[in-house]
Amino acid sequence: MQVVKPRLLVARAPCFSREVLCCVREPLPLTVSRQIVLNMAATGNEEQTLLPDIEEEAEGMEREMESEEEEEEGMGVEHSEEEDEEDTSEDERENEAEIQRLEEQLSINAFDYNCHVDLIKLLRQEGKLHRLRKARQKMSELFPLTEEIWLDWLKDEIRLTEDESDREKVYELFERAVKDYMCPEIWLEYVQYSIGGMGAQGGIERVRSIFERALTAVGLHMTKGASIWEAYREFEIVILSTVQPPPGSVASKEQQELLNAQLERIHTLFRRQLAVPLMDMEGTYAEYSDWADDGVPETVTHQYRRALQQLEKCKPFEEALLVSEPPKLAEYQAYIDFEMKEGDPARVQIIFERALAENCLVPDLWIKYTMYLDRQLKIKDLVLSAHERAVRNCPWTMGLWKSYLLALERHGADHQTVTDVFEKALNAGFIQAADYVEIWQSNLDYLRRRVDFSKEWSRELDELRAAFARSLDYLKEDVKERFSESGDLSCIIMQIWARIEALHCKNMQKARELWDSIMTKGNAKYANMWLEYYNLERSYGDAVHCRKALHRAVQCTSDYPEHVCDVLLNFERVEGSLEDWDAAVQKTETKLNRVNEQRARVAEKEAVLARQEEEKAEHRRKAKADKKAQKKSQKTDRAGDKRKAEDEYEEEWGEDEELPSKRLRGEEDFGSTAKEEHMETESGLFSRRAPPPRKTEPPGFRKNQQGLSEAPRQPQDISKEQRKDEECVFVSNLPFNLEDPEGKMRTLFQGCGTVQQVRPIFTAKGVFKGYCYVQFEDRLAVSEALKLDRQEVDGRPMFVSPCVDKNKNPDFKVFKYKTAMEKHKIFISGLPYSCTKETLEDLCKQHGTVKTIRLVTNRSGKPKGLAYVEYENEAQASQAVLKMDGTMLENFTISVAISNPPSRKMEDKAAPSRILGAAMLRQPQGARGKGRTQISLLPRSLYRQSAPDAKAENGTVSAPHATVTDGVHGGPGTASLDTQTKSLSNEDFAKMLLKK
């Protein structure tokens, strides 16, 4: 015979007062032992609770406090009883007035949750037990109660328990409490209270039954479930101590069987608990190892290790819940997804229940939970209970009521129950009229499935027709009064009714009456409504009514009259006589002629409006141009004095010959002036001038800069006729310090085709500008070259775009990202710079199918922390915005919104770059807003009449004629002239200047 080790009983049954244990929830199982001992010591069926202990302790504390107060009074502390009574009566009057105000407010709006809570708090404070019980009852009928409210209610009712009938009422109250939410604390209170009644007949079995239900409900709770298991185990250990024979006696056969059965119960509880992943499993395993005489069986050890492995998998989610702030929805969602992948229905249910306890007002979570129960578990009591709790927590969500009605029908609920639930749904207060239409459709579908249409008449058929009539009246009166619309603009309910009458009841007369009513509600102008009616007549009616319906359709339709006319003519081809055909042709021609005339008048009116708008726009443009010209003339007047000073300066020099006209800033020093190029690329409109020819410096001039300003390497020149834009690409965003750009570009593009020429663009000082032109021999190479767009060159993304002259092709458009709203695309900002496409795709694909992802970078290829993600449809993009906005990614808070970039204005053409020695553009103001003091430092004697401007194409300048005499250099391509010119001394320059 096995004897229980006494150390467990001693350690597990300390004599704590219940008042202390109620404040500390964790030691609650220790109270179980004390409660059982007290009940075993009770005689007969006399029911004892711990309430007298509480009252005695409370009275003792009060007596101690009163004695202390008397001692203080004896020491000279004065206190006026009359003042206390006055203060108390004043507080009572204020509280009573507040209670009456709250009750009046609830009589006006019974769904004011906070008002219910405040009323219950005040009534409990005042000790008005009857009114308190009534207020709690009323609130529980409308809302699920929180854990705190239930525990207060239960404790108050337990305190008032006197006889067996009162205990049964408390049991019923506990049953209601455990149905609202999954709450381990309430279950602990429930099992503790049940132990108080174990002395009654069948009391022990009742306690065990409640413990088993508690384990089913919350035994898998990873952080709080262990308390239920330990309480159950302590209960059975104390029961074991009562069936052991007295010391020194031999147990009878019957006693030995009871003892063995009780020991097996305790072993079973240990084995069951060790198979469940719970916090502090190691302590339970060590306790079982000490308790079992034969050691822990191998199978139990194996199950324990598997549970530990499962615990390790779940620990990250539990830790996330522990450190996060309520309501922890995102953490619970991740935990739910993990458990659903694991596939254990019991664990999925428990994590759903835990999430709903903290997020009871989130409809999507209830929908996901009820859908899982409907499709996976399919247990009637569990499914219907979840649906009922869902609609009580989120009554404004039509989808939950609809799912509830379907679940009731699916599990065979009686007709009255379904009807009651539907009536509650109508009073739930949906937020839009369309919700009422949909809930009525669900109820009508249910009623239609109850009808046996093989019978000519049945009570269910009459009920269905009455429901159709009631639904139309409800939408017309109640819904329209609230939302200013019925919600059923297309008369879907009436269409379904007409089709049921035609198909099942063979009552075409009723169906035609319904369709006449549909057309009189503003639907006669829509072709699809007439065609729906025509199809109904075609399927269940006759040709006469089909023809009549089509003739009415031709007469009334305004959206697609051509389509209706075609249907009528096709119908007469198949069914009609010659007279019917002639009538149909005449009717359709008359209709179409009238429609064309109306459309012509509308088009003429729109054209007039468009012309008026164009005239207004032209007027605005002229006014703007006049205003701009006026400002320009004012600036010119202010610059008059400075121009006079320059004219006097020229007269003093006394030049007889005609000087060349001054050139704009950015033109060449001498010789031809290159025209602007307009090149459209992906990055925008480039407007630039050709680089100027490089001067040959006099001997000894800038000796220290000979190595820095080397002449730019000119590519092998080809004739203009050989340069074709369609065989050329424009390459930009190259590094300015790129060594040998021509050779590197030739190497980079040689795989696309034969490279005929590479034309890199340099500044006047020989510095590479970061862009060039690549000329191929054929067009096929251009398409291959465009594929190299955004390829990195020395750490920068290279831009490759078609080479198109905007002067020759003004209508050419390059690819630009849309600037309008794209509802299927989201914009993400605040991303970490280390975020990659793969990381972003893993984050975004949780909310839908990701089509493309674009990380925004600057011209150097570095990320800006922005991205655009395109989803398959608008719904997925909206879901992603709701779920991702404000979330954390690598310690960065990201912002997510629907893509709606601001429209961009075309940048002004780039100002021509300053070229060495070029004449400055006349400015009435200087760079700092002061007078223009900058003048050209090149002597006028060096200026000569330039040859006609040479045309610039694709960034190069054709070789001009020699434009500078007296030994001054020419343009690029005139190297022979430079070599033949003799070197000039400083004296020669002085003579030229002074004209000696």
Side-chain angles (χ1 to χ4, degrees), residues 144 179-183 217-218 220-222 313-314 316-318 320-321 324 326-411 421 425 428 430-431 435 438-439 442 842-849 871-887 896:
K179 287 180 180 178
D180 273 356
Y181 298 111
M182 190 276 299
C183 181
V218 296
L220 297 181
H221 196 299
M222 194 163 290
K313 293 180 181 178
C314 298
F317 299 99
E318 293 291 344
L321 290 173
S324 59
K328 313 176 184 179
L329 182 58
E331 289 78 10
Y332 275 120
Q333 289 279 15
Y335 205 166
I336 289 171
D337 293 339
F338 165 75
E339 291 292 359
M340 292 183 75
K341 288 181 181 178
E342 292 291 313
D344 187 347
R347 298 206 57 80
V348 173
Q349 181 191 356
I350 194 70
I351 191 58
F352 263 120
E353 292 288 353
R354 290 176 60 184
L356 289 168
E358 297 190 46
N359 299 273
C360 59
L361 300 180
V362 181
D364 290 344
L365 193 58
W366 282 108
I367 291 173
K368 189 175 182 179
Y369 182 35
T370 54
M371 187 180 299
Y372 175 80
L373 295 178
D374 286 334
R375 297 180 178 178
Q376 300 295 329
L377 296 187
K378 301 179 182 180
I379 301 173
K380 178 180 178 179
D381 294 338
L382 185 61
V383 170
L384 296 184
S385 174
H387 278 288
E388 182 182 4
R389 290 186 292 133
V391 297
R392 290 186 67 201
N393 281 276
C394 304
W396 63 88
T397 307
M398 185 278 305
L400 293 174
W401 289 101
K402 183 178 177 181
S403 301
Y404 192 11
L405 291 173
L406 290 173
L408 288 171
E409 183 182 3
R410 192 178 295 117
H411 291 282
V421 171
F430 299 141
I431 58 178
D435 290 342
E438 195 162 350
I439 198 66
S442 299
D842 293 339
L843 179 66
C844 296
K845 69 182 181 181
Q846 302 175 9
H847 312 293
T849 304
Y871 281 97
E872 197 170 42
N873 52 51
E874 299 177 9
Q876 294 177 358
S878 300
Q879 183 73 6
V881 171
L882 292 175
K883 302 296 184 184
M884 295 173 57
D885 186 33
T887 58
V896 186

Do [X] and [Y] have side chains that approach each other closer than 4.5 Å (heavy atoms only, starting at C-beta)?
{"X": "T370", "Y": "V383", "value": "no"}
{"X": "R354", "Y": "M222", "value": "yes"}
{"X": "H387", "Y": "V421", "value": "no"}
{"X": "K845", "Y": "D842", "value": "yes"}
{"X": "C844", "Y": "M884", "value": "yes"}

Practice prompt. Give the minimum heavy-atom separation between C394 and W366, together with the two atoms involved.
Written response: SG-CD1, 3.8 Å

Worksheet, complete the sentence: In short, A357 meets Y181 closest at the heavy-atom pair CA-CD2, 4.3 Å

Practice prompt. With sequence neighbours excluded, tell me which residues meet side chain to side chain contact (heavy atoms under 4.5 Å, CB included) with A428.
Written response: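 Once residues adjacent in sequence are excluded, the partners of A428 under the side chain to side chain contact (heavy atoms under 4.5 Å, CB included) criterion are P395, W401, F430.
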
Can you list every pair that meets salt bridge (charged side-chain N to carboxylate O under 4.0 Å, His left out) and has a residue in [range], with sequence neighbours left out?
{"range": "residues 390-410", "answer": "D180-R392, D374-R410, K402-E438, E409-R449"}
{"range": "residues 380-389", "answer": "E353-R389"}
{"range": "residues 362-371", "answer": "D337-K368"}

Practice prompt. Using modelled atom types only, decide if a donor and an acceptor are shared between the side chain of N359 and the backbone of A355 within a distance under 3.5 Å.
Written response: yes

Item to complete: Examine distances only and state if a side-chain atom of D885 and a backbone atom of V896 form a donor-acceptor pair shorter than 3.5 Å.
Response: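 Checked: pair present.
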
Rounded at 0.5 Å granularity, tell me how far [atom1] in [X] sits from [atom2] in [Y].
{"X": "T849", "Y": "N873", "atom1": "OG1", "atom2": "CG", "answer": "8.0 Å"}
{"X": "K378", "Y": "H411", "atom1": "NZ", "atom2": "NE2", "answer": "9.0 Å"}
{"X": "L365", "Y": "L356", "atom1": "CG", "atom2": "CG", "answer": "4.5 Å"}
{"X": "Y404", "Y": "T397", "atom1": "OH", "atom2": "OG1", "answer": "15.5 Å"}
{"X": "M182", "Y": "H221", "atom1": "CE", "atom2": "NE2", "answer": "4.5 Å"}
{"X": "N393", "Y": "L361", "atom1": "CG", "atom2": "CG", "answer": "6.5 Å"}

Worksheet item: What pairs meet the ring pair (Phe, Tyr, Trp, His ring centres under 6.0 Å) rule with one or both residues in residues 326-347, with sequence neighbours excluded?
Response: F317-Y335, F317-F338

Side chains of residues 340-349: which donor-acceptor partners sit under 3.5 Å, not counting sequence neighbours?
from	atom 1	to	atom 2	distance (Å)
D344	OD1	A346	N	3.3
R347	NE	E339	OE2	3.4

